[in-house]
Protein chains: 2
Amino acid sequence: MQHNTPERRQQKEQLYRLFAHIGKALANPHRLELLDLLVQAPRTVEELAREANMSVANTSQHLQRLKQARLVMSEREGVHIRYRVADPAVTRLWLELRAVAKQQLAEVERTLDAYRHRRHEFERISADELRVLMRRGEVILLDVRPREEYQAGHLPGAISVPLDELERRLNQLPRDRTVVAYCRGPYCVYADEALELLANHGWRVARLEEGVAEWEQAGYPVERSPHPKP
Amino acid sequence: MQHNTPERRQQKEQLYRLFAHIGKALANPHRLELLDLLVQAPRTVEELAREANMSVANTSQHLQRLKQARLVMSEREGVHIRYRVADPAVTRLWLELRAVAKQQLAEVERTLDAYRHRRHEFERISADELRVLMRRGEVILLDVRPREEYQAGHLPGAISVPLDELERRLNQLPRDRTVVAYCRGPYCVYADEALELLANHGWRVARLEEGVAEWEQAGYPVERSPHPKP
DNA sequence: ACATTATTCAAGTGATCTATTGAACAATAA
DNA sequence: TTATTGTTCAATAGATCACTTGAATAATGT
């Protein structure tokens, strides 16, 4: 029985071409940023363009590559078209890609330190520790991402306080409990900025590195608000 | 506190560029084929070129891109240079990429059916079932990959019978037990070919879809032979 | 030292990718 | 209907990628 006929070769090549199609979708920094945003919450083209600092046309093109590779899907909503991650497996793929990057590129750590230059100032708390403290009611947990991201999914018991609103809402926070903040994940600075403000106002603070995706991937439950119709 | 200064933007972009560097390494079918081979066992450039049907120079170039992205590492062995996967996280990334492809591209299934046109002929057995039957001694488990791949890691209790040797060694197999065969994973045809031969000679046969990487990723133990020096 | 073998390097060409621009299209509101 | 807004399409130019070829390197054996 032959197992290296030209036809076999050709079919094998087609298979790898298909896999590479997904790889190609992951081969551009802008597309990864879009994907990263979509992992947090579904968004329209316009929103994505604004948040990723790209032209709308360019954003649209990149989204279409992601869509071709079936990493994201789109849905019309009146005049808008809302994109979302196509499947939880895509989120896992993205987390795994970042895990490889983190383990293997020392550069990432250096870049990250430059980017989040205050990130070692605050005590860090692990997911396990947080669960214990939350059960005992000893901490307040803040989700400092934009509200839509909170609505798309958040940690159980977390309060939505987008970074912009934090200063205004400081008086709503109990002074006698440690405040834990989280945001999009280890590469996001929102939580650090929130903690700095809180620390300056006298709170005891701690940072959770995990974002919702990492939390869910670790097997912990996530709360989702029903999607509000605009 | 500003969180969207131009410097922040720039640093964020650098971070995504780093991630995209890994994505780019995954953006070519040849590189994925090389990676797939390396997941099975370390190999020299020459071996890889032969098995992937590429020129040596081209293979070398692709390997260097993989190496730049720290997906593989290399080591001199006399005149040869042996490449290997840099880290288990890389294997997980590759499995996750394939999982996304499988879930999302219906084409994969169609291509796969064309490629492994006999794949529905044989009974399939799950990893769990296999473990039970192996414990009871009710099946023989064959690893039909090349011997070096077996040596780099195999399922506990598996016997190495490379496809080429199978016909010659038929008389060593007990006739009264079902033979289960596995190879590189769900996209590999070696096991199917082995099972066809065995079925034609009267054996009861079954196929395990998992390869060693999938098996290990599922949390089951893997046996590794000490590496023989040539 | 010399020849041999495995691998990498360097240069060149055609293919693919990316960002930009301005036009086209689709849904909504006036 | 017409105007408006969000999104996509089409064309283009510059950058990057992929494969080939032939030369350069590095270890080994004579």
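Owing to the predicted nature of the structure, the values given are computational and were not obtained by experimental measurement. Residue numbering restarts at 1 for every chain, and letters A, B, ... go by the order of the sequence lines.
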Would you mind reading off the distance between [X] atom [atom1] and [N] atom [atom2], rounded to a whole angstrom?
X	N	atom1	atom2	value
A:Q68	C:dT16	CD	P	14 Å
A:R65	C:dT16	CZ	C1'	9 Å
A:R82	C:dA27	CZ	P	17 Å
B:K67	C:dT7	NZ	C1'	11 Å
B:N53	D:dT20	CG	P	11 Å
B:M54	D:dA18	CE	P	10 Å
A:R50	D:dT7	CZ	C1'	15 Å
B:K24	C:dT16	NZ	C1'	13 Å

Phosphate-side-chain proximity, [X] and [N], N/O vs OP1/OP2 below 4.0 Å:
X	N	answer
B:H30	D:dC19	yes
B:R31	D:dA18	yes
A:H62	C:dA19	yes
B:Y83	C:dT8	yes
B:S60	C:dT8	yes
B:S55	D:dT20	yes

* **Under 3.5 Å: donor-acceptor pair, side chain of B:T59, backbone of B:S55** =>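 Side chain of B:T59 to backbone of B:S55, a donor-acceptor pair under 3.5 Å: yes, one is there.
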* Taking for each residue the nucleotide of DNA chain D bearing the nearest heavy atom, is the 5' side occupied by B:N58 or by B:R76? ->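 In this pair, the answer is B:N58.
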* **Whichever of A:V79 and A:Q61 has its nearest DNA chain D nucleotide further upstream toward 5'** => A:V79
Reckon [X] touches a base, only the sugar-phosphate, or nothing at all at heavy-atom distances under 4.0 Å?
X	answer
A:T59	nothing
A:A57	base
A:Q64	sugar-phosphate

* To do: Could you check B:E51, B:R50, B:H80 and say which one makes a side-chain contact (heavy atoms from CB on, under 4.5 Å) with B:R43?
  =>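 The passing option is B:E51.
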* Considering the options A:E77, A:E47, A:R84, A:E149, which one meets the side-chain contact (heavy atoms from CB on, under 4.5 Å) requirement together with A:P42? -> A:R84
* To do: Decide, yes or no, whether a salt bridge links A:E96 with B:R92 under the criterion of side-chain N to carboxylate O below 4.0 Å.
  =>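 A salt bridge is present here (some side-chain N lies under 4.0 Å from a carboxylate O).
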* To do: Please round to the nearest 0.5 Å and tell me the distance separating atom CZ of B:R31 and atom CG of B:L66.
  => 6.0 Å
* **A:V45 side-chain proximity, nearest of D:dC19, D:dT8, C:dT8** =>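 Of D:dC19, D:dT8, C:dT8, D:dT8 is nearest to the side chain of A:V45.
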